[in-house]
J.: 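Structure below; questions to follow.
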Amino acid sequence: SFEHKLDGNSSIVLGAGIGGFKIGEAKYSNMGAEVQYRYYFDEALEGFYAGGQVGYSSGKVKIDVIPGFSNETNFGSFKLGGKGGYQWVWDSGFSLDLNLGLAFNNFKYADSTNSVGLKASGVLPNFGFGLGYAF
């Protein structure tokens, strides 16, 4: 992610990510991006802050049912939420950001044959941990 100071108390954060993991026969992969607005209660880029976020991610879940046969489900998710946190910036330039919030997520799923189209939505916890360098 990249954070840019807008004025004395606010900033904008642009982020992108990619991830994946495997549990048993299920393999999950995901990529997405988000934008955050942060309002710092003292001075932008350091200390307590609160703000909003919007993001989109997409990915797939592949399950190997039997050797040579697998089922793949694609998904997309839109996210809208709020966060609060604290960011430290040391004299060395290194930074640590810890945050927590809630986000409304709207999911849409389609399997590899496109015969099943599922939708789901709900409010989920949203947390973050970031190590960075301020320059």
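In this text the structure is predicted, and so the values were computed from the model without any measurement.
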J.: Is the backbone N or O of D7 less than 3.5 Å from a side-chain atom of N9, with the two atoms forming a donor-acceptor pair by type?
T.: no
J.: Are Y28 and I23 side-chain neighbours, meaning at least one heavy-atom pair lies under 4.5 Å?
T.: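 They are not in contact (no side-chain heavy atoms under 4.5 Å apart), so the answer is no.
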J.: Is S11 close to Y40 at the side-chain level, that is, under 4.5 Å between some pair of heavy atoms?
T.: yes
J.: Can you list every salt bridge (Lys or Arg N to Asp or Glu O under 4.0 Å) pair that touches residues 86-106, not counting sequence neighbours?
T.: R38-D97
J.: In Å, rounded to the nearest 0.5 Å, how long is the span from CZ of F41 to OH of Y49?
T.: 11.0 Å
J.: Heavy atoms, side chains only, cut-off 4.5 Å: are S58 and M31 in contact?
T.: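 Yes; the side chains approach each other to less than 4.5 Å.
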J.: Please tell me if the side chains of K79 and N126 come closer than 4.5 Å, counting only heavy atoms from C-beta onward.
T.: yes
J.: If the plane angle is over 60° it's perpendicular, under 30° parallel, otherwise tilted; pick one for F135 and Y133.
T.: parallel
J.: Is W90 reachable from F129 through a run of I, L, V, M, F, W or Y residues, each pair having side-chain heavy atoms under 4.5 Å apart?
T.: yes
J.: Just verifying a value: how many Å separate Y39 OH and S10 OG, rounded to the nearest 0.5 Å?
T.: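 Going from OH on Y39 over to OG on S10, the span is 8.5 Å.
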J.: Do S121 and F104 have side-chain heavy atoms sitting under 4.5 Å apart?
T.: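 Yes; the side chains approach each other to less than 4.5 Å.
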J.: Indicate yes or no: at least one non-hydrogen side-chain atom of L102 is less than 4.5 angstrom from one of L124.
T.: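 SC-SC contact between L102 and L124 ruled out.
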J.: Hydrophobic clustering (ILVMFWY, side-chain heavy atoms < 4.5 Å, transitive) - are L100 and L98 grouped together?
T.: no
J.: With the side chain counted from C-beta on, respond yes when F94 and V89 share a heavy-atom pair under 4.5 Å apart, and no when they do not.
T.: no
J.: Would you call E43-K5 a salt bridge at under 4.0 Å N-O?
T.: yes
J.: Give a yes or no on whether the backbone of L45 and the side-chain of Q87 come within a donor-acceptor separation of less than 3.5 Å.
T.: yes
J.: Evaluate the side-chain proximity of L96 to L131: yes if any heavy-atom separation is below 4.5 Å, no if none is.
T.: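 A side-chain contact exists here, since the closest heavy-atom pair is under 4.5 Å.
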J.: What's the spacing between N99 CG and K83 NZ if we round to 0.5 Å?
T.: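 N99 atom CG to K83 atom NZ measures 4.0 Å (nearest 0.5 Å).
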J.: Give a yes or no on whether K62 atom NZ has more than 12 heavy-atom contacts from other residues, nucleotides or ligands under 6.0 Å away.
T.: no
J.: Strictly by modelled atom types, are K60 and N74 linked by a side-chain donor-acceptor pair under 3.5 Å?
T.: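 N74 and K60 do not have a side-chain donor-acceptor pair below 3.5 Å.
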J.: In Å, rounded to the nearest 0.5 Å, how long is the span from CZ of F78 to CG of N106?
T.: 8.5 Å
J.: Using the rule that Ile, Leu, Val, Met, Phe, Trp and Tyr join whenever any side-chain heavy atoms are under 4.5 Å apart, tell me whether F107 and F21 fall into a single cluster.
T.: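 In one cluster: yes.
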J.: Please evaluate residues I18 and N30 with respect to the criterion side-chain contact (heavy atoms from CB on, under 4.5 Å), reporting the C-alpha separation (whole Å), side-chain torsions for both, the decisive distance (0.1 Å), and the verdict.
T.: CA-CA 6 Å; I18 186 168; N30 181 37; over 6 Å; no
J.: Grouping I, L, V, M, F, W and Y whenever their side-chain heavy atoms are under 4.5 Å apart, do F75 and V54 come out in a common cluster?
T.: no
J.: Measuring from atom CD1 of I63 to atom NZ of K27, what distance do you get when rounded to the nearest 0.5 angstrom?
T.: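 That separation rounds to 13.5 Å.
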J.: Assigning hydrophobic clusters by single linkage (Ile, Leu, Val, Met, Phe, Trp, Tyr; side-chain heavy-atom cutoff under 4.5 Å), is Y56 placed with V123?
T.: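 Y56 does not cluster with V123.
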J.: Passes ring pair (Phe, Tyr, Trp, His ring centres under 6.0 Å), Y86 versus F48? Steps please.
T.: CA-CA 4 Å; Y86 193 91; F48 284 104; 4.6 Å; yes
